[in-house]
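Take a look at the structure set out below.
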2 protein chains.
Amino acid sequence: MTDPPRRRDRAATHAALLEAAQRRFASEGYDAVSVRDVAADAGVDAALVFRYFGSKAGLFRAATSPLPAPADLADGSAEALPGRLLRAVVPDAGQPVGEEQLLALLRSSGHAEARAQLHRQMCDGYVAALAELAEEPGRDLRAELVGALLLGISLQRSVVGTPALAAASAAEIEPLFDAAVTALLGSTGHGKRADSPDSPENQGAGQ
Amino acid sequence: MTDPPRRRDRAATHAALLEAAQRRFASEGYDAVSVRDVAADAGVDAALVFRYFGSKAGLFRAATSPLPAPADLADGSAEALPGRLLRAVVPDAGQPVGEEQLLALLRSSGHAEARAQLHRQMCDGYVAALAELAEEPGRDLRAELVGALLLGISLQRSVVGTPALAAASAAEIEPLFDAAVTALLGSTGHGKRADSPDSPENQGAGQ
DNA sequence: GTCTATAACAAGATAGAC
DNA sequence: GTCTATCTTGTTATAGAC
């Protein structure tokens, strides 16, 4: 779909296959897309998939492993982290970051492998970083609830398609999102605000 | 899987097929389960599926349409609605309400039909009821964000499997959830609490 | 020698004929 | 209700172009 069918370039074919797989898996899920589909999208033959990725499962693994780097979310000021997370989920410039990979994993969550990867990425990445900001008691629970909100926002926008959320920009969502995150991370229902100088800026992500 | 293989009862066969389909579609998604699978679970032949439901798609439609009644969520006091929603998503008695249907729809969301049904159920049911409680400006956006939180909680528990949320009971989650809902529904970031006697108890669900 | 396409295989799917 | 035709799937072996 990118070039005339003849393209004798190992790297380019590999990349085209991977990109096509990311799009297909994200929009249709693992089972609904055949290796012939992604090969056709990439403009090459299906046999190439096995030559470069070993199997369909290998292709899926390669297409879904580069989830949005959790390291990028950990650096920077701690108080601004929720905002960074929000912009990662609802990009302003229209540039999707890891939305496709997340969708691919979710739509393929009937498979244990996809579920395991989703679990790892979520727990070790997002939730661990958020737990640094949460207060006791229930630090982990608080962090996971913020993660749930982010996950829900992403899903509402991409698959459920609720009108207001799908049309809203990050700037419009941010005030509400911030208030909710503050309520979830702070003391139980006391309406604690983020401007309290707690400064938990140690970013060790201690598991 | 329920009875000896011979059972000449139209209604019982129909019900057994439907129940098996709900479980299978929820745990594996539309594409991963074959009509043979659900027929075997129901203890009948695969051809019966086509006799009773017309096609595989018809079976899926029948298995996913009875989402948790949105009417049950609309009656009762308006302030208690978030709590009712939470208990619908994380049941105390271990009895999943509409979780299976939600999972089935999500795992099959690569198909436009499943996505459309998900959209309808979400928008016309949950979000419409929640919008009654939200303040301006951004009433719809506020309601959809609460819906996103609920959706995310359900997903974290069932597919992602984040530890704290999966192990928590509704009673443990409720204080945090309530604080977040209050923040989302109330005025922008002013930390408005639910105990304000706004009393929007008109339950007309005027679409 | 390396990259790509053709062709064929076994297994399993849906669906319709009996 | 059973059986079976037809199609699609993932995958491999083989042959062809650069």
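In what follows, every chain begins at residue 1, and chains take the letters A, B, ... in the order their sequences are listed.
Per the geometry, CG belonging to L48(A) stands 15 Å off P belonging to dT11(D), to the nearest Å. If you measure from atom CG of D37(B) to atom P of dA13(C), you get 6 Å, rounded to the nearest angstrom. Rounding to whole angstrom units, CG of residue D9(A) and C1' of dA5(C) are separated by 17 Å. One can place NE2 of H111(A) at 11 Å from P of dG10(D), the figure rounded to the nearest angstrom.
L48(A) CG to L59(A) CG: the interatomic distance, rounded to the nearest 0.5 Å, is 11.5 Å. Taken from CZ in R107(A) to CG in D31(B), the straight-line distance is 11.5 Å, to the nearest 0.5 Å.
Distances from the side chain of R8(A) to the nucleotides dG1(C), dA5(C), dG10(D) place dG1(C) closest. Closest to the side chain of A47(B), out of dT2(D), dT6(C), dT4(C), is dT2(D). Closest to the side chain of F50(A), from the set dG10(D), dT2(C), dT14(C), is dG10(D). Closest contact between the side chain of D45(A) and the listed nucleotides dA8(C), dT14(C), dA5(C) involves dA5(C). Taking every side-chain heavy atom of S34(A) into account, dG10(D) is the closest of dA13(C), dG10(D), dG1(D).
Using a 4.0 Å heavy-atom distance criterion, V49(A) is classed as making no nucleic acid contact.
Smallest separation of non-hydrogen atoms from A114(A) and F60(A): CB-CE2, 4.0 Å. Among all heavy-atom pairs drawn from S27(B) and R115(A), the shortest one is O-NH1, 4.4 Å.
Not a single donor-acceptor contact under 3.5 angstrom links the side-chain atoms of R51(B) to the base of dG1(D). A donor N or O paired with an acceptor N or O is not found under 3.5 Å between the base of dC3(C) and the side-chain atoms of R10(A).
Under a cut-off of 6.0 angstrom, the local environment of CZ in R51(A) is sparse, with at most 12 non-hydrogen atoms contributed by other residues, nucleotides or ligands.
Residues R36(A) and Y52(A) each lie close to DNA chain C; by heavy-atom proximity, the contact nearer the 5' end of the strand is made by Y52(A).
A heavy-atom distance below 4.0 Å to DNA chain D is reached by these residues of residues 53-63 of chain A, ordered by number: S55(A), K56(A).
The pair D41(B)-R24(B) meets the salt-bridge criterion, since a charged nitrogen lies less than 4.0 angstrom from a carboxylate oxygen.
The backbone N or O of D178(A) sits less than 3.5 Å from a side-chain atom of T182(A), completing a donor-acceptor pair.
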